[in-house]
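To keep things clear, I will list the structure first and then write my remarks on it.
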Amino acid sequence: MTALPEDSVEKWKSEQASLKQKLVEGDTEEWQTAPGFKGLERVGGVDLSFIKGDDVNACSQLVVLSFPEMELMYEDSQMVTLSAPYVPGFLAFREVPCLLEALQRLERTQPNLLPQVVFVDGNGLFHYREFGVACHLGVLAGLPCVGVAKNLLQVQGVIRSEEHQSQIRALKKGGDSFPLKAASGRVLGEALRSSDSSTKPIYVSVGHRISLDTAVRLTHACCRFRVPEPIRQADMRSREYLRTHFPSADTCG
DNA sequence: GCGACAG
DNA sequence: ATCTTGTCGC
């Protein structure tokens, strides 16, 4: 008998509800409210890359960049075997275990290089139950985290309506943003035009131990291109790892 | 029944 | 997530 996703879903929901109680929404670090983020020196980024046709084996990537220069200070690529499938709303159960391990490896070997904040590919509070992958990793790692999604998750009444498209068109320059308000009126995240030359916004939300305003300003400060540099570097380097370690896998038998 | 569905 | 080179524009 194969365990159907629905079996895990109820357990997953209660685990999300349980961990959510430990979530801290506001700023907890001095650099977060200091002018120019003075005191912030290291920003992290995590991501996973896959080989086409294989959704079980992946390359888990952690990078640490200097702030504000965005120069590489640390890099870790690790092949992992994922135990959970991707289920919308439960991305964390698939990706967090290996990302947490990467952070723990760093803490054990080079604690001085631990990032002061981690950018996560995916949503934080902007989530069906207000506990996305960025919240999940943040709480378990005990580190400030920011969620950045490249695509809009339609949740709690936030939809890709004509009004939404209109708000996007109103974003004129890098740093411009508008709030993503749930039907309840609560602001769950922010759509951000990350640079002058980028039309399609990114969706920023609180992961853990940071305010939404700080998360948005920091994200903008880390953007050279559309995707914040820590996530972009993690993405590029994990793909590069797969290219060199599994050249043209799956073709020709 | 139909559409939506982060990565 | 992955499939994929060139090409148009600033």
Side-chain angles (χ1 to χ4, degrees), chain A residues 5-6 9 12-13 16 45-62 77 79-100 102 118-138 145-161 164 172-174 180 182-183 188-193 195-207 215 219 224-228 230-232 234-243 245-252:
Chain A
E6 311 86 84
V9 161
W12 285 349
K13 281 185 184 174
Q16 287 178 333
V46 292
D47 192 30
L48 272 72
S49 286
F50 298 80
I51 298 173
K52 62 173 179 177
D54 184 348
D55 58 346
V56 169
N57 298 294
C59 177
S60 171
Q61 187 78 27
L62 166 64
S77 311
M79 287 307 297
V80 295
T81 301
L82 304 177
S83 52
Y86 168 63
V87 181
F90 302 94
L91 175 63
F93 294 91
R94 177 168 169 80
E95 299 196 344
V96 161
C98 61
L99 299 179
L100 188 57
V118 179
F119 283 90
V120 183
D121 209 335
N123 294 300
L125 276 182
F126 187 59
H127 178 266
Y128 303 122
R129 289 165 299 280
E130 302 184 10
F131 199 76
V133 63
C135 299
H136 204 121
L137 181 64
C145 281
V146 176
V148 178
K150 297 181 290 295
N151 294 293
L152 179 69
L153 182 65
Q154 298 194 135
V155 61
Q156 295 191 31
V158 179
I159 57 175
R160 283 187 281 273
S161 57
H164 182 79
K172 293 309 180 189
K173 59 184 191 311
L180 302 169
L188 299 181
E190 200 88 13
L192 170 71
R193 177 161 179 161
S195 72
D196 289 338
S197 52
S198 162
T199 303
K200 184 177 179 180
I202 56 177
Y203 299 92
V204 179
S205 60
V206 169
T219 299
R224 276 216 224 302
F225 303 103
R226 176 174 176 249
V227 174
I231 291 177
R232 183 169 165 271
D235 179 77
M236 293 174 69
R237 289 168 188 278
S238 56
R239 286 201 222 199
E240 169 65 17
Y241 184 94
L242 291 182
R243 277 202 302 274
H245 291 260
F246 303 91
S248 60
D250 112 302
T251 355
C252 306

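Numbers restart at 1 for each chain; the letters A, B, ... are given by sequence-line order, proteins then strands. Just so we're clear, the structure is a prediction, and the values are computed from it rather than from any experiment.
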- [ ] Give a yes or no on whether a salt bridge exists between A/Glu240 and A/Arg237, defined as a side-chain N under 4.0 angstrom from a carboxylate O.
- [x]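 The answer is no: the pair does not qualify as a salt bridge.
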
TODO: Could you tell me whether A/Asp121 and A/Lys150 make a salt bridge, using a distance below 4.0 angstrom between a side-chain N and a carboxylate O?
DONE: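 Judged by the 4.0 Å cut-off on N to carboxylate O distance, A/Asp121 and A/Lys150 do form a salt bridge.
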
Can you check whether [X] has a side-chain N or O nearer than 4.0 Å to OP1 or OP2 of [N]?
| X | N | value |
| --- | --- | --- |
| A/Lys150 | B/dG7 | yes |
| A/Arg160 | B/dC5 | yes |
| A/Tyr86 | B/dA6 | yes |
| A/Ser197 | C/dC10 | no |

At under 4.0 Å between heavy atoms, what does [X] touch on the DNA or RNA strands: base, sugar-phosphate, or nothing?
| X | answer |
| --- | --- |
| A/Asp54 | nothing |
| A/Phe90 | base |
| A/Val155 | nothing |
| A/Leu152 | sugar-phosphate |
| A/Gly147 | nothing |
| A/Asp121 | sugar-phosphate |

Open item on the list: I'd like to know whether the aromatic ring centres of A/Tyr241 and A/His245 sit less than 6.0 Å apart in this structure.
Closed with: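 Judged by ring-centre distance (under 6.0 Å), A/Tyr241 and A/His245 do meet the cut-off.
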
Interatomic distance, [X] [atom1] vs [N] [atom2] [rounded to whole Å]:
| X | N | atom1 | atom2 | value |
| --- | --- | --- | --- | --- |
| A/Asp55 | C/dT2 | CG | P | 12 Å |
| A/Phe126 | B/dA4 | CZ | C1' | 13 Å |
| A/Ile159 | B/dG3 | CD1 | P | 16 Å |
| A/Leu91 | B/dC5 | CG | C1' | 12 Å |
| A/Asn151 | B/dA4 | CG | P | 14 Å |
| A/Phe225 | C/dC10 | CZ | P | 18 Å |
| A/Tyr241 | C/dA1 | OH | P | 20 Å |
| A/His127 | B/dC5 | NE2 | P | 14 Å |

Return the nearest nucleotide to the side chain of [X]; candidates are [options].
| X | options | result |
| --- | --- | --- |
| A/Arg94 | B/dG7, B/dC5, C/dT2 | B/dG7 |
| A/Gln154 | B/dA6, B/dA4, C/dT2 | B/dA4 |
| A/Phe50 | B/dC5, C/dT2, B/dG7 | C/dT2 |
| A/Glu95 | B/dG7, B/dC5, C/dA1 | B/dG7 |

Task: Backbone N/O of A/Gly89 and side chain of A/Gln16: donor-acceptor pair under 3.5 Å - done: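 Yes, A/Gln16 side chain to A/Gly89 backbone: donor-acceptor pair under 3.5 Å.
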
Open item on the list: Determine whether a donor-acceptor pair (N or O, by modelled atom type, separation under 3.5 Å) exists between the side chain of A/Arg129 and the backbone of A/Lys13.
Closed with: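 Not at all, since once roles are kept as given, no pair shorter than 3.5 Å links the two residues.
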
- [ ] Look at the rings of A/Trp12 and A/Phe90 and say which category their plane angle falls in: under 30° parallel, 30 to 60° tilted, over 60° perpendicular.
- [x]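 Rings of A/Trp12 and A/Phe90: tilted, as their planes differ by 30° to 60°.
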
